[in-house]
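Report on one structure; see the data block that follows.
Quick note: residue numbers are just sequence positions, from 1.
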Amino acid sequence: MSILSGKRILLVVGGGIAAYKSLDLVRRLRERGATVTPVMTAAAAHFVTPLSVGALSASKVFTDLFDREDEHDVGHIRLARGADAILVAPATADFMARAAAGRADDLATAILLATRAPVLMAPAMNPAMWAHPATRRNLARLEADGVRFVGPNAGEMAEAGEAGAGRMAEPLEIVAAAEVLFDAGHKPLAGRRAVVTSGPTHEPIDPVRYIANRSSGRQGHALAEALAALGAEVTLVSGPVAIADPPGVTVHHVETAREMLAAVEKAMPADIAVFVAAVADWRVTSESGAKIKKDAGGPPTLSLAENPDILSTIGHAPDRPKLVVGFAAETDALLDNARVKLDRKGADAIVANDVSPTAGVMGGTENTVHIVTREGVEDWPKLGKTDVARRLGDWIAARLAQLEAQ
Ligand code: CTP
């Protein structure tokens, strides 16, 4: 039996060409035992008729905030309170803008403002509109308000010759995302092993000095915790950090890149490996057993050797995990560099983040990332590192399921 059985879903149908898919979505939700109360925006009626939406949902279709009869009988507050979840499909650019601004000038937005139920939006729009900074801003604001999103997907658009991210997720994807809304004990990674690296490495120069970088370990630690929350058995290999070990995770503390590689290899085999650590590229071959003295003949010359590349070693290993994900902190040519790393290191995905001084994220609490795979790039809005971790955990679970279904 579906977790949606008996659930009261309020479905807002927005005004986009993808509204025709919402008819199928109604059918799929009802097949799983949900009741569907449709609310259509004024623009939606240009694409599908209230008659067909009403017939498929076997419910009255609500359209007007100022309909005296409706307000008297049901009212937007009661509609908002009577729903276990609210789905918006398609969520147009205009709808997202109005919802992000907290407007309540039509029935659908008034309901969103009045509800305490979880809200899931399935955006659909032209790729240029989806990529526009205004839409990115609205998306980030809605995510910060707790709204969940499914899609949009990349592919052919209704407009001839247009392609890119903007197509509404398919009805069954929306149903799956709606199921996650209700599944608090959602453990898609139960029985899976995951290895995560995090933090910087320290490469000693002498007993008191070392080469390091600004990595705080926040992103890697948050990801280890998020994967564990999804049911995975997680081994975290952490360089020296000032933050606490995440709960529910086995942690190995290491100092150097070579120690990190050894700990990762020991934690194999795994289904998932995510390399978040900012590993020092070089180690000091002239490491001194004693503290180097200032007056020992002028400034010392350090000779360096390249460290092993942990991601690349595991990415190319014969028994590599099914899903290998790297991170790429870049200050220039972010996506081009990430694509090169994808192939060079044998990764399935690279999470690229901008660490130029203006973005200022290295060591900070927020991150703006892009998920680069061989199929394309997903741009995520600026999010707290915990939110990036949660979303990446969901992405990893979905990707693993997809790889295994092939
Ligand atoms: N990485 C690793 N071992 C290394 C260096 C990097 O596992 N010795 C991993 C990081 O954890 C990250 C990815 O490789 O997942 C990319 O790291 P990055 O420092 O951006 O790549 P580099 O190969 O060092 O490239 P460059 O510094 O030239 O940009």
Please identify each residue that fulfils side chain to side chain donor-acceptor pair (under 3.5 Å) with K291, with sequence neighbours left out.
-> none
Residue list, side chain to side chain contact (heavy atoms under 4.5 Å, CB included) with P300, at least two apart or on another chain | I292
To the nearest 0.5 angstrom, please state how far the CE atom of M40 sits from the OG atom of S22.
-> 9.0 Å
Validation: residues 239-253 side-chain donor-acceptor distances under 3.5 Å, sequence neighbours left out:
unit_1	atom_1	unit_2	atom_2	d
D245	OD1	H253	NE2	3.1
D245	OD2	H253	NE2	3.4

Donor-acceptor pairs are to be reported for all side-chain atoms of residues 6-14 against protein atoms at under 3.5 Å, with residues two or more places apart or in another chain.
unit_1	atom_1	unit_2	atom_2	d
K7	NZ	I3	O	3.3
R8	NE	G82	O	3.3
R8	NE	D84	OD2	3.3
R8	NH1	G82	O	3.3
R8	NH2	D84	OD1	3.0

R27 (side chain) donor-acceptor with L23 (main chain) under 3.5 angstrom | no
Does a side-chain heavy-atom distance below 4.5 Å link L323 with D271?
-> no
CG/L304 to CD1/I205 distance, rounded to the nearest 0.5 angstrom?
-> 9.0 Å
Give the minimum heavy-atom separation between D387 and L383, together with the two atoms involved.
-> CB-CB, 4.0 Å
Just by modelled atom types, is the A278 backbone N or O under 3.5 Å from a matching donor or acceptor in the N213 side chain?
-> yes
Starting from the C-alpha separation in whole Å, work towards a yes-or-no answer on side-chain contact (heavy atoms from CB on, under 4.5 Å) for V175 and L29.
-> CA-CA 7 Å; V175 167; L29 291 167; 4.2 Å; yes
Look at atom NZ of K187 and say whether more than 12 heavy atoms of other residues, nucleotides or ligands are closer to it than 6.0 Å.
-> yes
Side chain to side chain contact (heavy atoms under 4.5 Å, CB included) partners for A389, two or more places apart = Q219, A222, L223, A226
Tightest non-hydrogen contact, residues L181 and P118, listed as CD2-CB, 4.1 Å
Any donor-acceptor pair under 3.5 Å linking the side chain of T115 with the backbone of I111?
-> no
Are the side chains of T135 and M96 in touch, meaning some heavy atoms are under 4.5 Å apart?
-> yes
Nearest-0.5 Å distance, CG of residue L261 to OG1 of residue T256 = 9.5 Å
Do D394 and L230 have side-chain heavy atoms sitting under 4.5 Å apart?
-> yes
List the steps and the verdict of side-chain contact (heavy atoms from CB on, under 4.5 Å) for F275 and V196.
-> CA-CA 6 Å; F275 298 90; V196 178; over 6 Å; no
First locate atom CG of L25, then atom CG of L87, and finally report the distance between them rounded to the nearest 0.5 Å.
-> 6.0 Å
Hey, is the main chain of V276 close enough, under 3.5 Å, to the side chain of T197 for a donor-acceptor pair?
-> yes
If a pair satisfies salt bridge (charged side-chain N to carboxylate O under 4.0 Å, His left out) and one of its residues is in residues 135-154, list it, with sequence neighbours excluded.
-> E143-R391
Taking R193 for its side chain and P269 for its backbone only, find out whether a donor-acceptor pair lies under 3.5 Å.
-> yes
Would you confirm whether N138, through its side chain, and A134, through its main-chain N or O, come within 3.5 Å as a donor-acceptor pair?
-> yes
Should D348 and R320 count as an ion pair when the cut-off is N to O under 4.0 Å?
-> yes
Can you name the residues that form a side chain to side chain contact (heavy atoms under 4.5 Å, CB included) with E378, not counting sequence neighbours?
-> I371, W380, W395
Do K385 and S216 pass the side-chain contact (heavy atoms from CB on, under 4.5 Å) test, and can you show the C-alpha distance, the side-chain angles, and the key distance before you say yes or no?
-> CA-CA 11 Å; K385 287 185 175 174; S216 66; 4.3 Å; yes
Take atom CZ in R258; do more than 12 heavy atoms of anything else shown fall under 6.0 Å from it?
-> no
Rounding to 0.5 Å, atoms CD (E265) and CD1 (I314) come to a distance of 5.0 Å
Does the distance from a Lys or Arg side-chain N to an Asp or Glu carboxylate O, for R103 and D105, drop under 4.0 Å?
-> yes
Does D24 come within less than 4.0 Å of K21, counting only side-chain N to carboxylate O?
-> no
Under 3.5 Å, side chain of S198 to main-chain N/O of S238, donor-acceptor pair present?
-> no
Using a 4.5 Å cut-off on heavy atoms from C-beta on, say whether the side chain of T63 contacts that of L107.
-> no
Salt bridge (charged side-chain N to carboxylate O under 4.0 Å, His left out) partners of residues 397-406, not counting sequence neighbours, each pair once = R192-E404, K322-E404, E375-R399
On a heavy-atom basis, the closest approach of A280 and T201 is N-OG1, 3.0 Å
Pairs flagged by ring pair (Phe, Tyr, Trp, His ring centres under 6.0 Å) wherever residues 200-232 is involved - sequence neighbours left out | H202-Y210
May I have the step-by-step check of salt bridge (Lys or Arg N to Asp or Glu O under 4.0 Å) for E203 and R209, ending in yes or no?
-> CA-CA 9 Å; E203 308 296 332; R209 303 181 179 95; over 6 Å; no
side-chain contact (heavy atoms from CB on, under 4.5 Å) assessment of V351 paired with L392 = CA-CA 9 Å; V351 180; L392 188 57; 4.1 Å; yes
Taking all heavy atoms of F327 and all of V274, pick out the closest pair and write down the distance.
-> CE1-CG1, 4.0 Å
Mind listing the closest non-hydrogen atom pair of A329 and N353 along with its distance?
-> CA-OD1, 3.3 Å
Side chain to side chain contact (heavy atoms under 4.5 Å, CB included) filter on A55, not counting sequence neighbours, yields none
Point-to-point distance, once rounded to the nearest 0.5 Å, from CG of L189 to CD1 of I272 = 4.5 Å
If you look only at pairs with a residue in residues 279-289, which of them pass as a side-chain hydrogen bond (donor to acceptor under 3.5 Å, both in side chains), with sequence neighbours excluded?
-> R283-N307, T285-S303
P321 and A273 have their tightest heavy-atom pair at CG-CB, 3.8 Å
When you look at CZ of R374, are more than 12 heavy atoms from neighbouring residues, nucleotides or ligands closer to it than 6.0 Å?
-> yes
Would you please say whether a donor-acceptor pair under 3.5 Å links the side chains of S2 and S5?
-> no
Find out whether V377 and R339 are in side-chain contact, i.e. whether some heavy atom of one side chain is under 4.5 Å from a heavy atom of the other.
-> yes
Donor-acceptor under 3.5 Å (E259 side chain, E255 main chain) | yes
Is it true that a side-chain atom of E173 and a backbone atom of E170 form a donor plus acceptor pair closer than 3.5 Å?
-> yes
Kindly indicate, with the supporting measurements, whether the criterion salt bridge (Lys or Arg N to Asp or Glu O under 4.0 Å) is fulfilled by D94 and R98.
-> CA-CA 6 Å; D94 176 64; R98 291 189 297 120; 3.1 Å; yes
Set of residues satisfying ring-ring contact (aromatic ring centres under 6.0 Å, His included) with respect to F47, sequence neighbours excluded | none
